[in-house]
K.L.:
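Would you mind keeping the following structure in view while I ask a few things?
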2 protein chains.
Amino acid sequence: MDKDTREKLIEAATPLFAWKGFAGASIRELAKAADVNSALISYHFGGKEGLYAAVLHTHLTHLLSALEQVSRSTADPEERIRLFIKTVSDIHKEKPFLLRLLQGELINPSVYFEKVLVTSFKKLITFLPATVAEGKDLGKFAPDIHPLYASVALVSMVNFYFIIRPLAEQIFPQDLNRDEEYIKQVARIYLKGVKEE
Amino acid sequence: MDKDTREKLIEAATPLFAWKGFAGASIRELAKAADVNSALISYHFGGKEGLYAAVLHTHLTHLLSALEQVSRSTADPEERIRLFIKTVSDIHKEKPFLLRLLQGELINPSVYFEKVLVTSFKKLITFLPATVAEGKDLGKFAPDIHPLYASVALVSMVNFYFIIRPLAEQIFPQDLNRDEEYIKQVARIYLKGVKEE
DNA sequence: GTCTATATTGCGATAGAC
DNA sequence: GTCTATCGCAATATAGAC
């Protein structure tokens with residue numbers, strides 16, 4: 001059974017928007033990549049912006065539902081942090097375009113940024129500082145750990161690696177092919193770094 | 001004394017390229033922001049791409065010379081890492097557009113990416129894994145620390161914070177105004193995280 | 001729902017006067 | 001070195017046939 005036009009467009013537009021940004025991808029090449037007439041972008045999505053929003057929405061949904069699962073975990077703080085690290089890195093491996101799309105939004109925020117992105121993350125990311133605070137309360141993490149900043153540090157390690165990998169691969173060609181090893185190092189360094197001794 | 005046209009264009013183009021990307025900024029708005037005739041972009045830089053390369057070059061130079069200083073430090077591994085953290089965060093505070101420009105290059109690499117960026121970083125960033133390895137040799141860092149991946153983790157924490165700050169500020173409006181505190185947390189977590197116990 | 005054809009706008013670049 | 005005027009082109013969007 002054939003994919004319908006909407007689906008084909010979203011799928012084909014994803015890598016183009018991810019690699020070239022919103023402004024850099026033209027409706028002509030978007031349509032061509034989807035093997036679809038360019039007029040259909042306006043018909044189905046009301047224009048290029050609508051297609052872009054649909055692409056963003058599709059990919060964001062995956063991330064948000066995964067984060068929601070993590071936030072509902074009842075494991076202890078250390079285990080929940082391990083689960084967070086694993087979940088996020090799995091998402092990036094599975095959907096390598098998501099992070100580039102989000103990056104594009106951070107550089108050049110569209111209306112989607114304020115309307116959807118900020119509110120979505122607001123609801124879901126607060127569990128991370130809460131987890132760190134819980135670790136402190138339980139006496140497992142050191143008292144001088146700042147829940148919010150420590151969370152940002154963790155989010156940084158888990159995400160930035162996937163951002164700079166294309167650059168890193170050119171700088172260290174043979175050495176950086178093991179995502180698993182990086183993830184292990186992150187968990188190792190971070191959990192030891194926040195722990196009460 | 002007046003700034004000359006080249007200077008005015010580079011200065012005015014920096015935030016525009018940083019916020020809108022190469023494709024998103026038009027030569028008309030670039031010229032207008034610099035209060036200069038748009039034909040002068042072609043005259044002085046050979047076109048929009050030339051201006052973009054000049055902007056990138058100007059900002060990259062600062063970063064590279066700062067990194068070079070760090071790499072020449074003779075302090076012990078822990079101190080050199082502290083110096084690296086401080087240096088990079090100072091650069092981002094001083095030149096808030098640099099990271100956005102580099103981000104744009106990562107998303108949509110121009111010719112500049114391969115020709116200049118990769119080779120520049122190649123020469124300068126190897127001192128970081130070397131520093132971590134030195135810490136291991138001295139018995140100060142734990143043996144299961146992987147110099148390269150541990151370096152990527154550090155680079156991530158130091159840079160990504162400045163990337164997501166616009167988003168984080170909207171999610172946690174009042175809590176994220178102290179860069180110093182974040183930097184302190186990073187040094188605290190990282191150095192404790194890699195240390196031999 | 002999909003196509004062709006086209007309207008309209010804005011783009012980057014340059015010729016030529018000063 | 002800077003200006004005006006404009007060329008040629010590619011952009012998005014849409015009207016109207018099927």
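To find a chain, count down the sequence lines: A is the first, B the second, and so on, and within it residues start at 1. Note that the structure is predicted; figures quoted are calculated from it, not measured.
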K.L.:
May I have the distance from Glu7(B) (atom CD) to dT2(D) (atom P), rounded to whole angstrom?
P.N.:
12 Å
K.L.:
Give me the distances for all protein-to-nucleotides 16-18 of chain D N/O pairs that come in under 3.5 Å?
P.N.:
none

K.L.:
dT12(D) C1' sits how many Å from Tyr52(A) OH, rounded?
P.N.:
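After rounding, the gap between these two atoms is 17 Å.
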K.L.:
Once you round it to whole Å, what is the distance between P of dA13(C) and CD of Glu49(B)?
P.N.:
8 Å
K.L.:
Rounded off to whole Å, could you give me the OH-to-P distance for the Tyr43(A) and dA13(D) pair?
P.N.:
17 Å
K.L.:
Give me, pair by pair, the N or O atoms of the protein and of nucleotides 3-6 of chain D that are less than 3.5 Å apart, along with how far apart they are.
P.N.:
from   : atom 1 : to       : atom 2 : distance (Å)
dC3(D) : OP2    : Asn37(B) : N      : 3.3
dT4(D) : OP2    : Asn37(B) : ND2    : 3.2

K.L.:
Under 4.0 Å, heavy atoms only, any strand: does Ala25(B) hit a base, just the sugar-phosphate, or nothing?
P.N.:
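Answer is sugar-phosphate: Ala25(B) comes under 4.0 Å of backbone atoms only.
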K.L.:
Grab the CD1-C1' distance between Ile41(B) and dC11(C) for me, whole Å please.
P.N.:
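Going from Ile41(B) (CD1) to dC11(C) (C1'), I get 12 Å.
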K.L.:
In this structure, how many angstroms lie between the P atom of dT12(D) and the CZ atom of Phe17(A), rounded?
P.N.:
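The distance from CZ of Phe17(A) to P of dT12(D) comes to 9 Å, rounded to the nearest Å.
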K.L.:
Find out whether His57(A) and Tyr112(A) are in side-chain contact, i.e. whether some heavy atom of one side chain is under 4.5 Å from a heavy atom of the other.
P.N.:
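Yes - at least one pair of side-chain heavy atoms lies under 4.5 Å apart.
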K.L.:
Establish whether Leu64(B) and Val158(B) are linked, either directly or via other cluster members, by ILVMFWY side-chain heavy-atom contacts under 4.5 Å.
P.N.:
yes
K.L.:
Does the pair Arg165(B) and Asp179(B) meet the rule for a salt bridge (Lys or Arg N to Asp or Glu O under 4.0 Å), with working shown?
P.N.:
CA-CA 10 Å; Arg165(B) 214 176 32 181; Asp179(B) 294 341; 2.6 Å; yes
K.L.:
Which residue pairs satisfy the salt bridge (charged side-chain N to carboxylate O under 4.0 Å, His left out) criterion with at least one member in residues 26-54 of chain A, sequence neighbours excluded?
P.N.:
Lys20(A)-Glu29(A)
K.L.:
Taking only the side-chain nitrogens and oxygens of Thr5(A), find out if one of them lies under 4.0 Å from OP1 or OP2 of dG1(C).
P.N.:
no
K.L.:
Give one of base, sugar-phosphate or nothing for Ser42(B), where a contact means two heavy atoms less than 4.0 Å apart.
P.N.:
base
K.L.:
What integer distance in Å separates Arg6(A):CZ from dT2(C):P?
P.N.:
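Roughly 11 Å, once rounded to whole Å.
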K.L.:
Between atom CZ in Phe45(A) and atom P in dA13(D), what is the gap in whole Å?
P.N.:
13 Å
